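So the structure is just underneath, and the comments pick up after that.
Values in this document were obtained by computation on a predicted structure and should not be read as measured data.
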Amino acid sequence: MATDFRWLLSQIHCKTWMGVSAISNQNKCSKINPESLLLQHQATIIEGITESKAKYRKIVQAGIAKWVSDFQKGNIQVNSVDDLKKLIELDIELQRDEL
């Protein structure tokens with residue numbers, strides 16, 4: 001009897017027994033292509049970076065709009081243009097990857 005049980009266990013991966021499919025002991029992750037998992041991971045990272053850049057651009061654009069508004073009101077003198085230049089350069093850098 002013990003021999004029959006061991007034989008049955010040894011056949012569990014690829015045989016049917018009495019018309020019933022045997023249990024397959026394969027790991028589901030082993031069926032997934034590792035390259036596919038890597039691409040999925042990279043896509044998730046790129047999506048996160050893209051979303052972050054969009055948020056940063058909104059902040060930079062709001063900063064530029066505030067600078068222009070303050071400049072028009074006379075609150076900013078021409079000698080403080082460096083802040084605007086930095087904001088514009090940051091905005092261009094954030095857009096660069098989108099092209």
Side-chain angles (χ1 to χ4, degrees):
M1 176 76 175
T3 306
D4 292 337
F5 182 69
R6 286 187 187 139
W7 176 83
L8 179 61
L9 287 176
S10 69
Q11 303 298 313
I12 203 164
H13 292 290
C14 58
K15 301 286 183 187
T16 57
W17 184 63
M18 294 177 47
V20 178
S21 297
I23 298 170
S24 176
N25 247 357
Q26 287 186 345
N27 184 350
K28 290 182 181 182
C29 290
S30 67
K31 293 180 181 179
I32 298 173
N33 184 354
E35 291 177 16
S36 174
L37 288 175
L38 178 61
L39 288 174
Q40 227 175 0
H41 176 69
Q42 290 173 340
T44 302
I45 290 173
I46 290 170
E47 182 180 353
I49 291 170
T50 302
E51 289 174 5
S52 294
K53 283 185 176 184
K55 290 176 185 177
Y56 298 149
R57 283 211 59 222
K58 287 180 183 179
I59 293 168
V60 169
Q61 289 170 340
I64 292 170
K66 175 71 173 144
W67 192 97
V68 170
S69 173
D70 287 347
F71 178 74
Q72 289 172 340
K73 292 176 184 174
N75 297 336
I76 296 177
Q77 301 301 317
V78 177
N79 57 4
S80 64
V81 176
D82 192 48
D83 290 338
L84 177 62
K85 180 182 175 190
K86 288 177 185 177
L87 287 171
I88 291 170
E89 287 172 352
L90 180 57
D91 191 40
I92 290 169
E93 185 66 32
L94 290 169
Q95 292 180 64
R96 185 169 290 154
D97 292 337
E98 295 174 10
L99 299 175

- Going from NZ on Lys58 to CG on Asp91, what distance comes out if it is rounded to the nearest 0.5 angstrom? 13.0 Å
- Task: Quick one: pull up CD in Gln72 and CH2 in Trp67 and give me the separation to the nearest 0.5 Å.
- Result: 9.5 Å
- Note on the structure: Distance col, row Asn75:CG vs Lys66:NZ, nearest 0.5 angstrom, shows 7.5 Å
- Item | CZ-CD1 distance between Phe71 and Ile64, expressed to the nearest 0.5 angstrom | 14.5 Å
- Query: Do Glu93 and Arg96 meet the salt-bridge criterion of a basic N to acidic O distance under 4.0 Å?
  - Reply: yes
- Query: Which pair of heavy atoms, one from Leu87 and one from Val60, lies closest together, and at what distance?
  - Reply: O-CG1, 3.3 Å
- Item | Joint hydrophobic cluster, Ile59 plus Leu90, side-chain heavy atoms closer than 4.5 Å | no
Under 3.5 Å, which donor-acceptor pairs do the side chains of residues 36-48 form with other protein atoms, sequence neighbours left out?
residue : atom : partner : partner atom : Å
Thr44   : OG1  : Gln40   : O            : 3.0

